[in-house]
Every structure is written in structure tokens, then in C-alpha cells.
Amino acid sequence: MSRLAQTHGLTDVQTEILSTVRDFVDKEIIPVATELEHRDEYPQDIVDGLKELGLFGLMIPEEYGGLGESLLTYALCVEEIARGWMSVSGIINTHFIVAYMLKQHGTQEQRDHYLPRMAAGDIRGAFSMSEPALGSDVSAISSKAVRDGDDYVLNGQKMWLTNGGTSSLVAVLVKSDEGHPEGTAAHKSMTTFLVEKEPGFGEVRPGLTIPGKIDKMGYKGVDTTELIMDGLRIPADRVLGGVTGRGFYQMMDGVEVGRVNVAARGCGVAQRAFELGVRYAQQRHTFGKQIAQHQAIQFKLAEMATKVEAAHAMMVNAARKKDSGERNDLEAGMAKYLASEYCKEVVEDAFRIHGGYGFSKEYEIERLYREAPMLLIGEGTAEIQKMIIGRRLLEEYRFQG
């Protein structure tokens with residue numbers, strides 16, 4: 001276990017889980033990650049291994065067959081997995097967001113129907129909020145659901161759907177005007193639908209098409225897709241929570257969990273970058289000594305390690321705040337913002353330490369250099385995080401005068 005990014009106050013169970021995950025990462029992920037990433041190949045063997053470890057049910061309550069662990073445990077596991085290959089952490093992230101939304105907001109029938117199979121990894125979750133022209137403005141959603149008897153008919157196009165092809169359950173956010181008269185605030189006329197589908201691409205159920213994978217600079221292996229709804233008919237009992245108009249709040253609650261996840265991913269990638277940098281600095285020699293003995297490199301290593309520690313501490317704080325039942329949008333926003341920015345900086349410093357070799361696909365740091373930018377935009381850009389942070393600070397420090 002490394003000296004950096006230690007978490008105090010863990011239970012024996014948490015420690016054992018993390019040790020098991022770290023061993024799995026070292027033995028099953030790191031040795032094959034770069035090769036699979038270069039081929040943009042879905043890591044089926046790794047996913048099967050995570051399923052055997054029970055990680056798809058990590059946060060799902062024991063009554064539904066899960067392990068019933070905390071967000072903190074989950075975040076620390078994500079940190080370890082992202083240290084091996086960030087794409088793998090993306091495969092489980094959307095699954096956990098959907099499971100969390102079901103646990104917190106689903107009807108009893110919905111929880112009974114989905115959570116046991118999600119805990120076993122037999123159903124893989126994905127969530128869909130963004131659209132091609134949407135960006136960060138969720139209120140501009142144009143996908144729509146119209147009531148038709150006992151069903152709703154959904155039409156529209158969604159974008160940036162992680163696990164779009166491999167998932168079998170998608171939580172989709174659309175507008176629904178039923179019961180929400182004209183003039184209702186946009187965020188009060190959104191509904192989350194639970195959409196079951198066959199894994200794969202093309203028409204995966206009548207009225208629902210997953211066109212294919214989006215080709216990306218990094219974050220390969222995991223499939224990122226569009227989702228096109230054209231007369232997609234969904235039963236009314238698949239409205240998350242059974243009541244329309246609550247979708248925005250349900251999604252934002254899930255995104256808070258997602259932001260802790262992205263912070264954890266940033267911590268994991270930064271840790272790996274530091275490990276690669278400090279190792280290479282002791283292997284490479286210039287001017288008759290290890291480059292690690294040059295003061296300039298020691299300064300760089302010191303800055304990298306400090307950023308790893310700071311990001312980890314903020315991520316842990318945000319997860320613990322959410323676990324306590326308190327509002328954590330401020331802490332999650334700060335953690336996501338800091339961890340993603342520091343991750344980019346630590347990866348770039350490790351890249352610089354590698355010199356020309358960092359530009360070669362033979363070296364792992366080249367992959368990390370392409371993966372880190374995704375964290376700057378996933379689950380909200382830095383600018384969105386700063387808006388959230390600023391508004392919350394003004395609530396907390398409101399001047400009375």
C-alpha cells in the first residue's frame with residue numbers, strides 16, 4: 001500500500017474490500033489496460049471479474065442481495081479501479097447512479113423488480129440526461145413524453161450515454177407536460193423513465209435505437225453512444241417513483257453521487273500518474289545521476305504528491321457528507337473541481353518527467369494523458385462546479401445588513 005492517499009477510520013470490512021479490489025487492479029487490470037485501450041476493446045473479462053467480486057452490488061442494500069456499503073466505500077473502490085484504468089470505473093459508475101436513484105426514489109415495486117438483478121450484475125444500468133444541443137443547460141431538454149392511455153410515448157435524441165450499448169436498463173430524463181400547465185418552471189416538468197432494452201447497437205427495442213459508439217480521444221473501451229427515441233412506448237409504471245415532474249431532482253441527486261465518483265476517478269488517475277513519474281525518475285539517468293536527484297524533478301514530485309493528497313482528502317470528505325444524509329452539493333462540487341484539475345496537472349507533470357518517451361504509446365503515461373481531459377467535463381464542467389460552489393457559499397455566508 002502506498003504512503004499517499006490513506007483514509008483513516010475505515011472498518012475492517014472496508015479495509016478488506018479495498019485490499020481485494022487493489023489486488024484485482026494490480027493483477028487483472030493494469031497488465032492489460034493499455035493494450036485493450038489501444039484496441040478500444042470492451043474489457044469483458046475485467047467486468048466479469050468485478051461481477052464475481054460483487055462490486056455491481058456494492059451500494060445496493062443487503063435485502064436486495066447487495067453488500068449495503070457506503071458511498072465512501074464505493075468511492076474508494078472507484079479510486080483504486082481508476083488507478084488501473086479509468087474506463088473500467090466508468091462502466092460501474094452509471095450502473096451505481098441508476099441503482100442509487102432506484103434506492104432513493106423508486107417505488108417499492110421498482111426496487112423489488114430491478115435491484116436484486118442489478119446487485120448480481122445481471123442488469124447493467126446507464127443514465128441519460130444530456131442531448132446534442134444541451135451542454136450544461138439541463139432546462140433546455142427537448143426530448144418529450146406524451147401520455148397515451150396506460151403508456152407514455154417518448155420521442156427525442158439523447159447524447160453522451162456511457163454504457164449505451166452494453167447496458168440493459170437506462171434511466172432517461174425527458175420533459176412531460178402532463179399535470180404541469182404551460183408556464184411551469186422547466187425543472188418541474190421533467191420526468192425520469194426506466195427504459196429496459198437489449199444490449200447492443202441498432203434498434204434495441206421498438207422505437208429505441210443505439211446508433212453505435214462515438215469515437216473518442218480517450219476513455220476508450222467503455223462505449224459512449226447516442227440514444228434515439230422515435231415513438232418509444234413505455235408503461236406508466238416505469239416512471240421513476242411513480243409520479244411525473246420529479247425527474248430533475250432525482251437526476252441531480254444521482255449526479256451528486258456521480259460527482260463524487262468523478263472526483264474519485266481523478267484521484268485514482270493522479271495516483272497512477274504519480275507512481276509512473278516517481279518510478280521513471282529513479283530509472284532514468286542524466287548528467288551522471290538519476291533525474292530524481294535533480295532538484296527540479298524533486299520539486300515537481302513534491303507538487304504532484306501534495307495534489308494527490310489534497311484531492312483525496314476532499315473526495316473522502318464529500319463522500320462522508322453524503323453518507324451522513326446531509327446536503328453535499330458544495331463538497332461534491334469542490335471535490336470534483338479540485339480532483340479533476342489536479343489530475344490533469346499531475347498527469348502532465350508525469351508526462352514531462354518522461355520526456356520524449358511520454359509521447360510514445362509504449363508508455364502508460366501516454367494513455368493517462370488522453371484520459372484525464374474527460375474528467376474536466378464529465379458530470380459538469382469546472383465552470384458549472386464553480387457556479388454551484390459560489391451559489392452555495394452565498395447561501396452559507398449571506399450578509400445581513
Side-chain angles (χ1 to χ4, degrees), residues 1-12 14-27 29-31 33 70-86 88-89 259-284 290-320 331-332 334-354 358 363-365 367-369 371-372 375-376:
M1 187 68 72
S2 68
R3 172 67 179 83
L4 293 179
Q6 297 299 296
T7 309
H8 300 290
L10 298 181
T11 65
D12 290 342
Q14 288 174 313
T15 301
E16 183 177 351
I17 290 173
L18 289 175
S19 177
T20 300
V21 171
R22 189 178 185 90
D23 286 345
F24 181 84
V25 168
D26 287 339
K27 295 175 182 176
I29 297 182
I30 289 177
S70 63
L71 177 59
L72 175 62
T73 307
Y74 165 62
L76 295 175
C77 287
V78 166
E79 183 180 40
E80 294 290 352
I81 292 169
R83 174 182 153 269
W85 185 14
M86 191 184 73
V88 179
S89 64
R259 285 180 178 143
V260 174
N261 170 281
V262 172
R265 285 197 242 180
C267 293
V269 174
Q271 284 183 49
R272 184 58 180 166
F274 174 80
E275 291 172 4
L276 295 173
V278 75
R279 181 174 68 190
Y280 185 82
Q282 295 173 80
Q283 294 172 335
R284 174 72 167 159
Q290 295 177 351
I291 64 172
Q293 298 305 314
H294 295 294
Q295 190 179 65
I297 298 298
Q298 290 182 7
F299 283 1
K300 201 174 290 293
L301 292 172
E303 292 169 0
M304 293 163 67
T306 301
K307 289 172 181 176
V308 168
E309 281 286 275
H312 175 83
M314 291 198 74
M315 179 272 291
V316 168
N317 181 56
R320 282 179 163 152
E331 291 78 10
M334 285 182 168
K336 191 274 173 186
Y337 169 57
L338 190 81
S340 59
E341 295 291 335
Y342 276 0
C343 174
K344 177 201 69 171
E345 294 170 10
V346 171
V347 167
E348 182 169 332
D349 281 342
F351 177 84
R352 290 173 183 270
I353 288 172
H354 280 73
Y363 282 75
E364 189 178 341
I365 191 62
R367 169 171 61 84
L368 270 59
Y369 195 78
E371 290 178 338
L375 299 173
L376 299 173

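When atom types are taken as modelled, the side chain of E80 and the backbone of L76 share no donor-acceptor pair closer than 3.5 angstrom. A donor-acceptor pair under 3.5 Å is absent between the side-chain atoms of S19 and the main chain of T15, judged by distance alone.
Using a 4.5 Å cut-off on side-chain heavy atoms (C-beta onward), D26 and R83 make contact. The closest side-chain heavy-atom distance from L18 to R22 is not below 4.5 Å. Side-chain contact between I17 and Q14 is absent, with no heavy atoms from C-beta onward closer than 4.5 Å. Proximity of E345 to K307: side-chain heavy atoms (C-beta onward) are separated by under 4.5 Å at one or more points. The closest side-chain heavy-atom distance from T20 to F24 is not below 4.5 Å. For the pair Q298 and Q293, the minimum side-chain heavy-atom distance is below 4.5 Å. The closest side-chain heavy-atom distance from M86 to L375 is below 4.5 Å. The side-chain heavy atoms of Y74 and N261, taken from C-beta on, include a pair separated by under 4.5 Å.
I353 approaches G277 most closely through the heavy-atom pair CG2-O, 3.7 Å. Heavy-atom minimum distance, I29 versus G84: CG2-C, 3.7 Å. Looking at every heavy atom in both residues, A263 comes nearest to A339 through O-CB, 3.5 Å. When every heavy atom of L376 is checked against every heavy atom of S340, the shortest pair comes out as CD2-O, 3.6 Å. Of all heavy-atom pairs between A5 and E79, the closest is CB-OE2, 4.3 Å. Closest approach of E331 and N317 over heavy atoms only: CG-ND2, 3.6 Å.
Of the listed residues (V78, I81, V260), just one forms a side chain to side chain contact (heavy atoms under 4.5 Å, CB included) with R265, and that residue is V78.
For Y337, there are no ring pair (Phe, Tyr, Trp, His ring centres under 6.0 Å) partners two or more places apart in sequence or in a different chain. With sequence neighbours excluded, the residues that form a ring pair (Phe, Tyr, Trp, His ring centres under 6.0 Å) with Y280 are H354. Considering only residues two or more places apart in sequence or on other chains, R279 meets the salt bridge (charged side-chain N to carboxylate O under 4.0 Å, His left out) condition with none of them. Applying the salt bridge (charged side-chain N to carboxylate O under 4.0 Å, His left out) criterion to D23, with sequence neighbours excluded, gives no partner residue. Shown here are the salt bridge (charged side-chain N to carboxylate O under 4.0 Å, His left out) partners of R367, two or more places apart in sequence or in another chain: E364, E371. Scanning for salt bridge (charged side-chain N to carboxylate O under 4.0 Å, His left out) contacts around E303 gives an empty result, with sequence neighbours left out.
Residue Q283 qualifies as enclosed at atom CD: its count of foreign heavy atoms under 6.0 Å is above 12.
By the 4.0 Å N-to-carboxylate-O rule, D349 lies too far from K344 to be salt-bridged with it.
To the nearest 0.5 Å, the span separating NE2 on H312 from CG on L338 amounts to 13.0 Å. For the atom pair NZ (K300) and CD1 (I291), the distance works out to 10.5 Å, reported to the nearest 0.5 Å. If you take CG on L4 and CZ on F274, they are separated by 5.0 Å, rounding to the nearest 0.5 Å. Taking NE2 from H8 and CD from Q6, the interatomic distance works out to 7.0 Å, rounded to the nearest 0.5 Å. Summarising the geometry, atom OG1 belonging to T306 is positioned 9.0 Å from atom OH belonging to Y342; distances are rounded to the nearest 0.5 Å. Atom CD of Q271 and atom CD of E309 lie 8.5 Å apart (nearest 0.5 Å).
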For this session: Could you walk me through whether T7 and R320 pass side-chain contact (heavy atoms from CB on, under 4.5 Å), step by step?
Result: CA-CA 11 Å; T7 309; R320 282 179 163 152; 4.0 Å; yes
